[in-house]
2 protein chains.
Amino acid sequence: MFWGLLCKSEEASPCYNEKNIVWTSGAGLFGVNVSMTTIADIARLAGVAKSTVSRYLNGGSVGEQTMRKIERVIGETGYSPNTFAQSLKAKKTNIIGTVVPRLDSYATSKTLIGIDEKLRELNYQMFVSNTSQDLDREIESLYSLAKQKVAGIILLATKVTERHLETIQEIGIPVLLVGQQHEQIYSLIHDDFEAGKAIGRFMAKKGHKQIAYLGVSEEDIAVGVKRKQGFAGAIKEAEEVKVRYYETSFKIGDALEKVPSILEEFRPTAIVCATDNIAIGALKAAYSKGLKIPEDLSITGFGGYEITEMLNPGLTTVQFFYKEAGGMAADKIVQLVNEEEIQMLSVSDFKIIERESVDILS
Amino acid sequence: MFWGLLCKSEEASPCYNEKNIVWTSGAGLFGVNVSMTTIADIARLAGVAKSTVSRYLNGGSVGEQTMRKIERVIGETGYSPNTFAQSLKAKKTNIIGTVVPRLDSYATSKTLIGIDEKLRELNYQMFVSNTSQDLDREIESLYSLAKQKVAGIILLATKVTERHLETIQEIGIPVLLVGQQHEQIYSLIHDDFEAGKAIGRFMAKKGHKQIAYLGVSEEDIAVGVKRKQGFAGAIKEAEEVKVRYYETSFKIGDALEKVPSILEEFRPTAIVCATDNIAIGALKAAYSKGLKIPEDLSITGFGGYEITEMLNPGLTTVQFFYKEAGGMAADKIVQLVNEEEIQMLSVSDFKIIERESVDILS
DNA sequence: GGTCCGTTTGGAACCGGTTCCAAACTACGG
DNA sequence: CCGTAGTTTGGAACCGGTTCCAAACGGACC
């Protein structure tokens, strides 16, 4: 990541490339004084005015001769403009803030990587603000990022409240919601509904007639509601399939505790879990009860975490493309920053990965 | 994270708390104009000079009366100082940069969380720079963070090269190395050597006489060398234990491919893996060959990833305290920023977690 | 050669803070 | 009542860029 956007336009000519300077010439020559040279120094050394140098740097009209002189001096000194001074006047940075509820989640990590790599390509930087799943801190972060004059914000929220809306409106900075959807905010979601439907159909086709769906709180619209609704829809299409819905948290441990009672009470042939982590808990719980997977119980998840492939048996799951979605998000937020029109809602794809954790019945 | 350090000293009196202002009064009152009020406005409204307001904000000497006036005006307007203007003059921020090789690693995530939470406490912000395991980008990031005038840098490198040293010297900003150790750089490491020793003794005590050690490249001093050396040392103490050393990468998949040949060629009763991910690969590989864990083969890892508890069987492993280490790192870097003396090397603790993946022989 | 237009250039103001210095005010001892 | 020291205050310069405006320049055309 990093390296500020100096060449705002695509005009090839009077743009100088920051990288060259710091690495090639700057290093060594000036020792500890990294970028202590100012635009005034350059101007003096080149025998021109500050404004001319500034124009040169930003692609304004500069004469052939002058250009060369400035170019040379900048090359020799390893000059690199002071970001603060730039931002002070410009009142804007080339930083995109990303607000995440937690850093230790597969989905978050992958999404961040996607955002980071794409932003890098687009000459933006990513600033990550972690909220540790604290709603207040989510709002705080929005204000704080606004104060730092980030160009745009990508919000990986779990829930959008009235306060979120107010804050987003107040800060007046483009915000893109990722993973959740809201009619008043530009959103990028995974296709949770269709994914739920797909896994429902998949299980029905495999002949399961007694399925437990282990979801999460409906506060989380994407994971708690959409996936379940999609699944329920698919089940309605199928015949004679009995389903019971259960709820747990996102924590593996909670699923681990919850599952035994489900098994006893409902005796399903399959448990469809709303996340891979829940599925991992279910798997462990089933093993603890001495069940064989998939012969005695089939299990599926949602997410496509790499670890699911390495479990024994490999977990059948719905894969979402977090990294790609992150890339899309980066594209979108930059478009918003550039005041381009984009659609309110974008949807990222999914696919079912069939491994060994689901048995074929009948 | 976030919320800039406004009160540099601990003096209680003429410090105003930023949070109150943005939330309590700022919101709503000024609509979209978040922090458009400047210090000049405050000065005018309070009938004092800019310098006086500045002094008030930074804990300088201000009269009782004046204080009250300014306090009131600031409260009413929801003023919040412009960070860029501050940094422009101060040539320093309250941001700590963190350079990480990858975001999708358990160790990294947990460490970042630890850093973030501690820095928050200390009124610093964390800026994460991801390098996608690209050495050039590691150097780039150091320069870039320097340019952004971060107060200090926490470097989660996998390897320290000559270029690292040069760069660190050149940027003239305190750097703390985490997870690796270098005599010329302040370092915070996990006690890889002792951990290796501990697991070696542990396995010997369990009666294993034929152990495969599956490590990683010696380029990584901490994981590739220290853990192995510690392990080797413990084995030397024990009697009649045969060990063979193998090497793989950090990727689960590579371990998965590597392990079968080890099993055939060496027929160990146990595989000690240099990371939990490698152990996960080994576990899967063993299952694929129809082996029972731990009856047919014992497996251990390093790390203490949460997932290891959820595997079947639970993985015996050496737990490192990444989050706590992150907190320590944050403390250290802030001390360095404040020019306090700290020791060159700090060591973070570990403990062996005994689960079901190791069998007792004899 | 003069006029006009477009390009290049320099000077100065400005962004929003911090800091230095000197002036004004206060209090206290002699 | 004055001198002195200490505190409070305002003014101005400064940080390092960007931008506006007007002046200088250069070429084309009449």
Side-chain angles (χ1 to χ4, degrees), chain A residues 4-9 11 13-14 16 18 33-70 74 77 79-94 147-149, chain B residues 4-9 11 13-14 16 18 33-70 74 77 79-94 147-149:
Chain A
L5 174 66
L6 267 176
C7 311
K8 275 158 196 159
S9 57
E11 308 155 306
S13 38
Y16 94 93
E18 198 175 332
N33 299 322
V34 167
S35 83
M36 279 300 290
T37 44
T38 73
I39 205 170
D41 298 328
I42 303 299
R44 191 167 29 73
L45 291 173
V48 298
K50 272 169 65 179
S51 45
T52 308
V53 179
S54 176
R55 241 175 289 121
Y56 165 80
L57 292 174
N58 296 294
S61 78
V62 182
E64 191 74 9
Q65 298 278 12
T66 325
M67 235 176 82
R68 266 188 244 301
K69 277 191 295 184
I70 299 179
I74 287 185
T77 52
Y79 165 75
S80 150
N82 178 318
T83 349
F84 300 118
Q86 289 180 312
S87 304
L88 177 56
K89 187 87 201 226
K91 304 192 165 184
K92 205 178 183 187
T93 61
N94 65 326
K147 193 185 144 188
Q148 309 257 331
K149 309 271 192 288
Chain B
L5 175 66
L6 266 174
C7 310
K8 276 158 197 160
S9 57
E11 309 154 307
S13 37
Y16 93 94
E18 198 176 333
N33 299 322
V34 167
S35 85
M36 279 299 292
T37 44
T38 75
I39 204 170
D41 298 328
I42 304 299
R44 192 167 28 74
L45 291 173
V48 298
K50 274 169 64 178
S51 46
T52 307
V53 179
S54 177
R55 242 175 287 121
Y56 165 81
L57 292 174
N58 297 294
S61 79
V62 182
E64 190 74 12
Q65 299 277 12
T66 326
M67 236 177 83
R68 264 187 245 302
K69 275 191 296 185
I70 299 179
I74 286 185
T77 53
Y79 166 75
S80 150
N82 178 318
T83 349
F84 298 118
Q86 288 181 312
S87 304
L88 178 56
K89 187 88 201 223
K91 305 193 166 186
K92 206 179 182 186
T93 60
N94 66 326
K147 194 186 146 190
Q148 309 257 330
K149 309 271 191 288

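Letters A, B, ... mirror the listed sequences (proteins, then strands); counts begin at 1. All heavy atoms count here, side chains included; hydrogens, waters and symmetry mates do not.
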Rounded distance (Å) that lies between atom P of D:dG11 and atom CZ of B:Arg55
12 Å

Which residues in residues 45-54 of chain A have at least one heavy atom lying under 4.0 Å from any atom of DNA chain D?
A:Lys50, A:Ser51, A:Ser54

Give one of base, sugar-phosphate or nothing for A:Thr66, where a contact means two heavy atoms less than 4.0 Å apart.
sugar-phosphate

Pairs satisfying salt bridge (Lys or Arg N to Asp or Glu O under 4.0 Å), at least one member in residues 36-47 of chain B, at least two apart
B:Asp41-B:Arg44

So which protein N/O to nucleotides 4-6 of chain C N/O distances come out below 3.5 Å?
none

Expressed in angstrom and rounded to an integer, what is the separation of A:Lys91 atom NZ from D:dG17 atom C1'?
14 Å

Using atom CG of B:Leu57 as one end and atom C1' of D:dT9 as the other, report the distance to the nearest whole Å.
15 Å

Check: B:Lys50 and B:Val53 side chains under 4.5 Å, non-hydrogen atoms
no

Quickly work out the B:Leu88 CG to C:dG17 P distance and round it to whole Å.
12 Å

Axis-to-axis angle across the helix from C:dG1-D:dC30 to C:dG30-D:dC1, five pairs each end, nearest 10 degrees, ~ 50°

Which residues pass the side-chain hydrogen bond (donor to acceptor under 3.5 Å, both in side chains) test with A:Gln65, sequence neighbours left out?
none

Measure the distance from CZ on A:Phe84 to C1' on D:dG17 and round it to the nearest whole Å.
13 Å

Tabulate protein N/O versus nucleotide N/O from nucleotides 24-26 of chain D, keeping only pairs under 3.5 Å, one per line.
none

Nearest-Å distance for atom pair CE/P, residues B:Met67 and D:dT9:
11 Å

